[in-house]
Amino acid sequence: MAWLDWVALGGYFLVMLLIGLWSHRRVSSVGDYFTGGGKMPWWLSGISHHMSGYSAAVFVAYAAVAYSYGVTVYFWAFVPLALGTGVGAFLFAPRWNRLRARFNVVSPLEYLAKRYNVPTQQALAWSGALLKVFDVAAKWASVAILLNVFTGMSMNTGIIITGVVTLLYCTVGGLWADALTDFGQFVIQGVAALSMLIAVIIQLGGFSGLSSMWDKLPEGHGQPLVGSYTAGFLTAYIVIKLFEYNGGMWNLAQRYMATDSAHSARRSALLSAALYLIWPAVLLFPSVAAGVLMPNVVDAQQVYALMAEKYLPAGLIGLTLAGMFSHTMAMASSDANAISAVITRDIMPVVWRKARTWSTEAGLMAARVCTVLFIAVSMIVAVEADHFGGVLGIIVALVAAVMGPISIPMLLGLLPAFRRCGPVAALGSWALGLGAYFLLKYGIEPPSQTWLLATPLVTSLVVYVAVGLLKPEPSGEADAIVTAVGSDGPQSGVTPAAVPVASD
């Protein structure tokens with residue numbers, strides 16, 4: 001990289017740190033740290049939700065699929081995000097906000113102790129926290145691959161640099177720092193991605209070359225579903241993402257909780273859904289076009305970085321690398337904040353009695369320490385990413401497959417249709433769903449990746465619904481919570497005091 005590229009990259013890191021320091025002034029309580037005090041504008045929440053939903057894996061793992069298979073990656077990987085988030089704008093986003101506003105909840109799992117029981121809350125908390133370690137580790141590995149291509153830096157050094165910068169700004173500023181850096185990263189990524197898009201169109205010969213490009217691509221690269229990416233795979237992925245992007249990925253639930261009203265939460269979800277429909281097409285088009293422009297790339301995971309080096313001028317290469325950093329740091333920092341919320345609000349008060357009486361200062365300190373530890377552990381796992389199936393293997397085979405068992409009891413527990421599903425249904429759904437995943441992963445050989453992806457989700461869903469019907473567990477506390485988060489109108493007899501889910 002030229003010196004202008006290093007200036008662009010260094011300037012990006014400096015701005016991120018300054019945002020973290022500025023956001024530190026807005027954090028005076030645990031609620032401020034984890035949910036922005038419920039004062040975040042809907043448009044900032046929506047952009048943050050979008051940016052927190054994907055990482056540098058877009059430019060590594062997904063770019064590799066775009067290069068090897070064509071446009072299918074857009075249809076199975078990102079259209080489901082738009083659909084799931086759009087549906088969740090009406091079904092889940094307002095409920096998350098009311099949960100925070102009416103019960104002073106600052107962790108997405110905090111309400112589960114009353115909705116079900118403490119063992120259910122702990123099962124989801126521990127397993128979900130472990131899952132996110134691997135998920136974030138895949139993001140560190142992705143950005144390290146890009147750094148290696150651009151600068152020759154070793155994978156381990158790249159992981160350490162990215163993790164340390166993320167750790168500094170998100171530990172200091174909490175959710176406000178996450179959201180504001182998400183916005184800054186959105187702007188940077190916008191400039192970088194549009195520059196790359198324009199450069200690729202020029203290389204294709206302008207808009208006339210763009211229209212003729214599709215005939216020059218390898219066979220099947222213009223088809224929405226090819227190879228192992230079948231209609232069944234797409235269907236399973238849509239359902240998984242419906243749960244994952246509406247709260248199963250805990251950091252995204254926090255974005256809805258942080259807005260000032262249920263209406264604002266809905267608007268933020270709709271904005272994020274629209275961005276998922278449009279922006280990934282811009283990001284991934286260069287990798288699809290590489291099938292014509294660079295047909296002999298040996299390692300498909302490097303294709304986006306190689307194109308940037310070849311076609312972008314000095315300065316824009318550094319900006320593009322900063323944009324790639326931005327996605328990883330956005331997701332990793334928001335995940336760290338969510339995991340810290342779950343550990344300090346849901347796990348530690350159960351396993352350590354003293355944590356139940358922490359002062360505001362002690363609670364904030366614990367939150368920051370948990371953030372540091374989570375990022376450190378995920379960086380260690382990232383160094384060994386290849387032992388867990390590589391970047392795409394972790395993101396798709398592990399995270400997507402295990403997401404259903406973790407998220408189904410949490411999200412369906414908010415809906416009136418499932419108010420009679422109690423602790424037995426929730427724990428049974430979680431245990432048997434995870435059991436189905438490990439059986440297929442390490443026991444019975446699944447017929448296809450679709451089976452590995454869909455079986456845990458279907459198992460959890462069927463068990464949760466069936467047990468709720470066959471062994472209903474009506475609960476006054478559960479009814480009160482479901483009723484309270486269901487609408488914006490006055491709730492007869494239901495107040496935060498009547499259902500003391502949590503308190504600061």
Side-chain angles (χ1 to χ4, degrees), residues 46-93 135 186 189-190 193-194 197 213-214 217 220-249 252 255 266-289 291 304 327 330-331 391-392 395-397 399-401 403-404 407 411 448-450 452-454 457-458 461:
I47 290 175
S48 182
H49 183 284
H50 176 75
M51 289 293 291
S52 297
Y54 52 97
S55 67
V58 172
F59 306 102
V60 177
Y62 292 118
V65 176
Y67 180 74
S68 303
Y69 294 94
V71 300
T72 183
V73 68
Y74 170 75
F75 289 96
W76 68 256
F78 294 101
V79 170
L81 305 190
L83 293 175
T85 307
V87 171
F90 300 93
L91 202 58
F92 296 113
D135 187 25
F186 179 71
Q189 180 56 58
L194 290 174
L197 179 65
M213 178 197 78
W214 303 102
L217 288 171
H221 278 222
Q223 300 298 316
L225 295 174
V226 296
S228 60
Y229 305 110
T230 62
F233 183 93
L234 175 63
T235 302
Y237 214 70
I238 289 174
V239 178
I240 287 170
K241 295 306 174 181
L242 172 65
F243 287 104
E244 182 178 352
Y245 277 68
N246 286 293
M249 193 183 294
L252 300 185
R255 269 59 189 169
R266 181 180 294 114
R267 294 176 72 187
S268 74
L270 290 173
L271 173 59
S272 182
L275 290 172
Y276 278 125
L277 199 60
I278 298 169
W279 195 238
V282 175
L283 296 178
L284 292 169
F285 175 78
S287 299
V288 175
Y304 197 97
H327 280 299
M331 175 174 275
V391 174
L392 191 62
I395 293 172
V396 176
V399 177
M403 182 55 62
S407 61
L411 284 164
S448 67
Q449 189 178 36
T450 301
L452 181 62
L453 199 67
L457 172 75
V458 173
L461 187 58

To the nearest 0.5 Å, what is the distance between CD1 (Ile278) and CG (Leu283)?
12.0 Å
Specify the closest pair of heavy atoms between Leu457 and Val239, including all atoms of both residues, with the distance to one decimal.
CD2-CG1, 3.3 Å
Classify the ring geometry of Phe186 against Trp279: parallel below 30°, tilted from 30° to 60°, perpendicular beyond 60°.
tilted
What residues form a side chain to side chain contact (heavy atoms under 4.5 Å, CB included) with Leu234, not counting sequence neighbours?
Trp76, Pro80, Leu225, Ile238
On a heavy-atom basis, which atom in Leu242 and which in Gly84 lie closest, and how many Å separate them?
CD1-O, 3.6 Å
Working to the nearest 0.5 angstrom, can you tell me the gap between His49 NE2 and Met249 CE?
8.5 Å
Testing the basics here: between Leu411 and Asn246, what is the closest heavy-atom pair and its distance to 0.1 Å?
CD2-O, 3.2 Å
Would you say the side-chain atoms of Thr235 pair up with the backbone N or O of Ala231, donor to acceptor, closer than 3.5 Å?
yes
Do the rings of Tyr237 and Phe233 sit parallel, tilted or perpendicular, given the 30° and 60° boundaries?
parallel
Side chain to side chain contact (heavy atoms under 4.5 Å, CB included) between Trp214 and Val71, worked out
CA-CA 10 Å; Trp214 303 102; Val71 300; 3.7 Å; yes
If you take all heavy atoms of His221 and Ser68, which pair is closest and at what distance?
NE2-O, 2.9 Å
When you look at OH of Tyr69, are more than 12 heavy atoms from neighbouring residues, nucleotides or ligands closer to it than 6.0 Å?
no
So which heavy atom on Arg266 is nearest to which on Ala89, and how close?
CG-O, 3.1 Å
